[in-house]
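A short write-up of the structure that comes next.
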Amino acid sequence: MTESRKREPEVEYEDIERARERLTDETVVKRTPIERSTSLEELVDAEVYLKMEHLQWTGSFKTRGAYNKISQAVAEGADEFVAASAGNHAQGVALAATRCGADSTIVMPRHAPQAKIDATRSYGATVELVGRDFQEAMEYATSYAADNGGEFVHAYDDPAIVAGQGTLGIEMHEDLPEVDTVIVPIGGGGLISGISTALDRLSPETRVVGVQATGAETVHESLDKGVPVTLEEVDTIADGIATGGISELTLGLIEAHVDEVVTVTDSQIADAILLLLERAKQVVEGAAAASVAALLSDDLDVAGETVMPLLCGGNLDMTMLQTVLIHALTGRGQILRLRVKIDDMPGKMTELSGIIADYGANIQTVRHDRAVEDLNVGEAYLVFQIETSGIEHAAAIIDSIEAEGYDVEDVNRE
């Protein structure tokens with residue numbers, strides 16, 4: 001262990017208790033429910049209770065920390081706040097500042113989801129779009145705060161923020177005191193730092209598992225090196241945990257209170273979004289679905305346990321939802337792309353369309369490809385995108401086309 005890790009944690013359970021005393025206005029932060037998921041239970045052989053924090057007023061947990069921070073600062077005379085965020089922290093700061101009678105300026109990456117930009121403005125903030133990612137937005141926001149005199153509200157590197165997020169840990173314990181494992185997404189680490197600090201006091205036998213997206217993973221290396229590691233670039237659909245780094249504060253708290261950290265891929269996150277939509281009837285963003293992706297992964301054994309995955313945010317951009325659906329449906333064989341070599345003569349498209357129709361599948365699109373190097377004169381490809389009921393249905397369609405003497409390629413499986 002490095003010398004820096006031996007210092008006392010900067011957030012104690014008593015800080016979280018005091019934060020909870022400040023969060024008494026149900027119009028700012030409400031108590032969110034838990035819901036048992038028998039569908040997930042069948043998949044993991046455990047009792048599964050989803051903590052539905054995505055139903056919070058701003059669609060995420062972020063208002064807890066923001067209000068705890070801003071309410072204290074306003075009481076001390078501050079009236080202008082600045083923050084950088086990919087979306088959820090932005091909304092939390094905007095709502096908290098407005099409810100405290102203060103102004104806020106939020107710097108968001110240029111490619112932040114439009115739904116989160118619009119929501120942030122609706123809560124009363126001025127929004128500036130700067131930078132390719134969270135790190136560039138952060139650099140600009142800190143300079144803006146210094147130049148304009150506003151108080152900077154960090155998304156995770158602040159004891160008041162961590163303490164506010166920790167109120168969720170108290171709530172989760174009260175919801176389900178007998179819980180064996182809680183699963184918490186990690187971006188900058190403020191959420192899991194607060195939750196794990198609370199649970200370490202209230203239920204030290206409860207296992208706290210963190211989860212990161214592989215394209216934004218920093219915790220394992222940070223723990224190995226003993227110092228926070230920052231990525232130059234992040235690559236994940238889970239924008240809510242795409243900070244690309246943790247802080248000295250959160251690293252110390254993670255090391256002190258978190259039992260295990262696992263990673264999940266974007267494909268696993270996409271599958272979890274769709275599973276929650278279909279089976280739990282819950283719409284969540286990628287960061288929230290990461291906890292369920294971890295639950296379903298081979299890296300986490302919860303058999304026989306009582307488990308609580310945290311659904312930390314529900315601000316899913318509709319464009320991202322479309323991307324996730326296409327990815328997941330393609331993986332399930334419910335969107336099938338076939339390239340069929342034909343003799344380029346009248347009637348071939350009608351013949352192939354008839355075969356597909358005989359199996360009750362719907363053709364979404366079809367196109368001719370003639371200018372392809374490997375085709376002989378008089379040949380062409382017909383490329384179909386087809387809706388099917390699943391892999392078996394798709395296989396039956398392919399077999400039927402091949403039985404008629406056609407060369408068929410499943411483009412999705414190349």
Side-chain angles (χ1 to χ4, degrees), residues 11-17 19-20 23 29-56 60-61 64-65 162-186 189-212 219 241 250 253-262 264 272 275-276 279-280 282 284 287-314:
V11 178
E12 303 286 355
Y13 176 72
E14 290 72 21
D15 299 315
I16 299 171
E17 282 191 318
R20 200 181 198 204
L23 297 176
V29 173
K30 61 181 174 179
R31 188 185 189 98
T32 50
I34 63 170
E35 182 174 295
R36 187 168 181 176
S37 174
T38 55
S39 297
L40 287 173
E41 289 179 353
E42 293 173 359
L43 297 173
V44 297
D45 189 28
E47 285 191 13
V48 179
Y49 293 84
L50 301 171
K51 177 59 174 174
M52 318 281 269
E53 186 68 4
H54 66 298
L55 301 180
Q56 195 55 259
S60 90
F61 68 94
R64 295 175 184 265
V162 172
Q165 319 305 25
T167 63
L168 190 50
I170 297 177
E171 198 170 299
M172 293 166 77
H173 172 70
E174 291 176 347
D175 289 338
L176 198 66
E178 68 273 22
V179 66
D180 296 304
T181 297
V182 299
I183 308 174
V184 183
I186 301 177
L191 177 61
I192 198 168
S193 292
I195 289 174
S196 61
T197 300
L199 289 175
D200 208 8
R201 172 68 67 86
L202 297 170
S203 181
E205 67 277 8
T206 297
R207 177 173 57 153
V208 179
V209 176
V211 54
Q212 289 200 288
V219 172
I241 53 175
T250 57
L253 291 166
I254 289 169
E255 186 173 64
H257 302 298
V258 175
D259 298 289
E260 187 176 347
V261 177
V262 300
V264 292
L275 182 65
L276 285 163
R279 306 297 290 276
Q282 301 298 321
V284 303
S291 62
V292 172
L295 174 69
L296 299 173
S297 74
D298 294 334
D299 293 332
L300 193 59
D301 182 9
V302 296
E305 294 186 0
T306 299
V307 188
M308 184 183 289
L310 172 60
L311 305 184
C312 61

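Note that the numbering runs from 1 along the sequence shown for the chain.
- Thr32 and Glu53 are linked by a side-chain donor-acceptor pair at a separation below 3.5 angstrom, with hydrogens and angles left out of the test.
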Practice task
I would like to know whether Ser291 and Leu311 meet side-chain contact (heavy atoms from CB on, under 4.5 Å); could you show each step before the answer?
Solution key: CA-CA 7 Å; Ser291 62; Leu311 305 184; 4.0 Å; yes

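- Scanning all heavy atoms of the two residues, the minimum distance from Leu23 to Gly164 falls at CD1-O, 4.4 Å.
- Here the straight-line distance linking atom CE of Met308 with atom OG of Ser37 works out to 13.0 Å at 0.5 Å rounding.
- When all heavy atoms are compared, the tightest approach of Thr250 to Gly190 is CG2-N, 3.7 Å.
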Problem - Worked verdict on Ile254 versus Val219 for side-chain contact (heavy atoms from CB on, under 4.5 Å) - result: CA-CA 9 Å; Ile254 289 169; Val219 172; 4.3 Å; yes

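- A distance-only check finds a donor-acceptor pair linking the side chain of Ser297 to the backbone of Ala294 [under 3.5 Å].
- Residues Val162 and Ser193 approach most closely at CG1-CB, 3.8 Å, considering heavy atoms.
- Scored by the side chain to side chain contact (heavy atoms under 4.5 Å, CB included) test, Ala272 finds Ala289, Val292, Ala293 as partners (sequence neighbours excluded).
- Residues Leu253 and Ser196 approach most closely at O-OG, 4.3 Å, considering heavy atoms.
- No side-chain donor-acceptor contact under 3.5 Å links Asp259 to the backbone of Val209.
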Practice task
Any chance you could lay out the side-chain contact (heavy atoms from CB on, under 4.5 Å) test for Ile170 and Tyr13, step after step, and finish with the verdict?
Solution key: CA-CA 10 Å; Ile170 297 177; Tyr13 176 72; 4.0 Å; yes

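- Put simply, CD on Gln165 and OG on Ser60 are 8.0 Å apart, with the number rounded to the nearest 0.5 Å.
- Rounding to the nearest 0.5 Å gives a distance of 9.0 Å between CG of Leu168 and SG of Cys312.
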List the atom pairs, with distances to 0.1 Å, where a side-chain N or O of residues 179-186 and a protein N or O form a donor-acceptor pair under 3.5 Å, not counting sequence neighbours.
| residue | atom | partner | partner atom | Å |
| --- | --- | --- | --- | --- |
| Asp180 | OD2 | Thr306 | N | 2.7 |
| Thr181 | OG1 | Arg207 | NE | 3.1 |
| Thr181 | OG1 | Arg207 | NH2 | 3.2 |
| Thr181 | OG1 | Glu305 | OE1 | 2.6 |

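- You'll find the side chain of Ile192 stays beyond 4.5 Å of the side chain of Val261, heavy atoms only.
- Residues Ser203 and Glu205 have side chains that bring a donor and an acceptor to within less than 3.5 angstrom of each other.
- With hydrogens and angles disregarded, a donor-acceptor distance shorter than 3.5 Å links the side chain of Gln56 to the backbone of Lys30.
- For the atom pair Leu202 CG and Met172 CE, the distance stands at 12.0 Å (nearest 0.5 Å).
- Annotation: side chain of Ile195 is in contact with side chain of Leu310 (closest heavy-atom distance under 4.5 Å).
- When atom types are taken as modelled, the side chain of Lys51 and the backbone of Glu171 share no donor-acceptor pair closer than 3.5 angstrom.
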Exercise for the section: Report the C-alpha separation of Glu12 and Asp15 in whole Å, then their side-chain angles, then the decisive distance to 0.1 Å, and conclude whether the side-chain contact (heavy atoms from CB on, under 4.5 Å) test is met. Expected result: CA-CA 5 Å; Glu12 303 286 355; Asp15 299 315; 3.8 Å; yes

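- Counting heavy atoms from C-beta outward, Leu40 and Arg279 have side chains that stay 4.5 Å or more apart.
- Taking 4.5 Å as the limit, some side-chain heavy atom of Pro309 sits within range of a side-chain heavy atom of Val48.
- In this structure Asp301 satisfies the side chain to side chain contact (heavy atoms under 4.5 Å, CB included) test together with Ala303, sequence neighbours excluded.
- Atoms CG and CZ, on Asp175 and Arg31 in that order, are 4.5 Å from each other to the nearest 0.5 Å.
- The nearest pair of heavy atoms linking Ala198 to Ile16 is N-CD1, 3.8 Å.
- From Glu178, atom CD reaches atom NE2 of His173 across 9.5 Å, with rounding to the nearest 0.5 Å.
- Residues Ala46 and Val302 approach most closely at CB-O, 3.3 Å, considering heavy atoms.
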